[in-house]
Amino acid sequence: MVRFAIIGTNFITERLLDAAKLCDDFRLTTVYSRSLEKAQQFAEQWGAEFATDSLDAVAESPDVDAVYIASPNSSHAEQTIKMLKSKKHVLCEKPITWNSAQLAEMLCAAQENGVVLMEAMRSAHIPTLELLGQSMEKIGPVRRCVLSYCQYSSRYDKFKAGVIENAFNPTLYNGALMDIGVYCVHMMVMLFGMPKEICAKGWFLPHSIDAYGSAICSYDGMCVQLAYSKINQSNTPSEIQGEKGTIRFSPTATPYEVSIEYNDSTKEELSFDVCRRDMLYEIQEFIRIVHTGDSCNKWNDYSVMAMAVMDEMRRQIGIDFTIQ
């Protein structure tokens, strides 16, 4: 059994806790919010014993083994390092932080304190990821990959009406790349590793976040095209295109459906049953590593590569969170 505290009481946290109901080794003991009243309401809703508005109380609690952090992106690094230094394991929501230097500090704190740090990236742990890797052998050599994730934000209508919620607040280090594009970037480095060259473009809402963007990432003998947005919707599947056929999968963040169409027009459906409460897989892997003491390097290496790619994309696009 791993006793969890949660930092952040938003819909993402609710999705995680809903998935955690399927995991016998997960126990929620503590809820943190800047508002004690909100923490108490959330704790009552989800059956936690303790509610607090003090991060120190979470860090010092003998009833907390691990912390799930789903606060605004701008708070991830500071809160994560605080918990790691208090010997708490940390599962931090994506993006784990906003630049490579901070990520290095976080990983160093985890190593120095002998605890687990893992990014809560759904696509890294869903079972179909391994299937994608195996399927590329059937269509190879791979020449081109298109990773698309365009999702009309449920908060965009409020933004157009003049109501600025967190998702459109650049002071919280949000934006299309950090919130949506991260899934495309992470999928790319998991499948193909670090690209040799990156060419990125992005477009901004007036006095606000980057709203959508794209990138071409070059590898030996192939390229990956990334397309992401918070202000338009697309249900186009992602594709891995090889000389013998094309793999199609969707959605990019959590591939439930995978198929191959070969050059002779024959098709192969590769999908299998995946739990739609898909955050279950990252919870299970995190708890497994906590229990066994196995290395988390594989997952952290993906996070390091993805952050390096996003650092370069932010530089080219002009996303600078240090200028407010």
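Starting from 1, each residue takes its place in the sequence as its number.
Under the ring pair (Phe, Tyr, Trp, His ring centres under 6.0 Å) criterion, Y281 pairs with no residue at all, not counting sequence neighbours. With sequence neighbours excluded, the residues forming a ring pair (Phe, Tyr, Trp, His ring centres under 6.0 Å) with Y156 are Y152, F168, listed by chain and number. Judged as a side chain to side chain donor-acceptor pair (under 3.5 Å), and not counting sequence neighbours, the contacts of D311 are S100, R314. Taking E268 as the reference, K138, Y262 meet the side chain to side chain donor-acceptor pair (under 3.5 Å) condition, with sequence neighbours excluded. Every residue was checked against the ring pair (Phe, Tyr, Trp, His ring centres under 6.0 Å) condition with Y228, not counting sequence neighbours, and none meets it. Every residue two or more places apart in sequence or in another chain that forms a side chain to side chain donor-acceptor pair (under 3.5 Å) with S71 is listed here: Q79.
Between the side chain of Q316 and the backbone N or O of I198 there is at least one donor-acceptor pair closer than 3.5 Å. Counting only distance, with no hydrogens or angles, the side chain of K87 and the backbone of A59 share no donor-acceptor pair below 3.5 Å. Using a distance-only test at 3.5 Å, with no hydrogens or angles considered, a donor-acceptor pair links the side chain of S238 to the main chain of S148.
At most 12 non-hydrogen atoms from other residues, nucleotides or ligands lie less than 6.0 angstrom from CD of E37.
Of the inter-residue distances, the one linking H125 atom NE2 with I283 atom CD1 reads 10.5 Å to the nearest 0.5 angstrom.
Using the six-membered ring where Trp is involved, Y302 and H186 have ring planes that are perpendicular, over 60° apart on the 30 and 60° scheme.
Screening E257, E239, E269 for a salt bridge (Lys or Arg N to Asp or Glu O under 4.0 Å) with R248, the sole residue that qualifies is E239. Remark: of the listed residues I96, I81, T80, T97, T97 is the sole one forming a side-chain contact (heavy atoms from CB on, under 4.5 Å) with Q102.
Hydrophobic clustering of Ile, Leu, Val, Met, Phe, Trp and Tyr side chains at less than 4.5 Å, counting indirect connections, keeps M178 apart from F159.
Between K21 and D18 there is a salt bridge, since at least one side-chain N of the basic residue sits less than 4.0 Å from a carboxylate O of the acidic one. Checked for salt-bridge contact, E282 and R122 miss the test: no charged N lies under 4.0 Å from a carboxylate O. Note on K230 versus D210: no salt bridge recorded, every NZ/NE/NH1/NH2 to OD/OE distance being 4.0 Å or above.
Between Y173 and F321, the distance separating the two ring centers is shorter than 6.0 angstrom.
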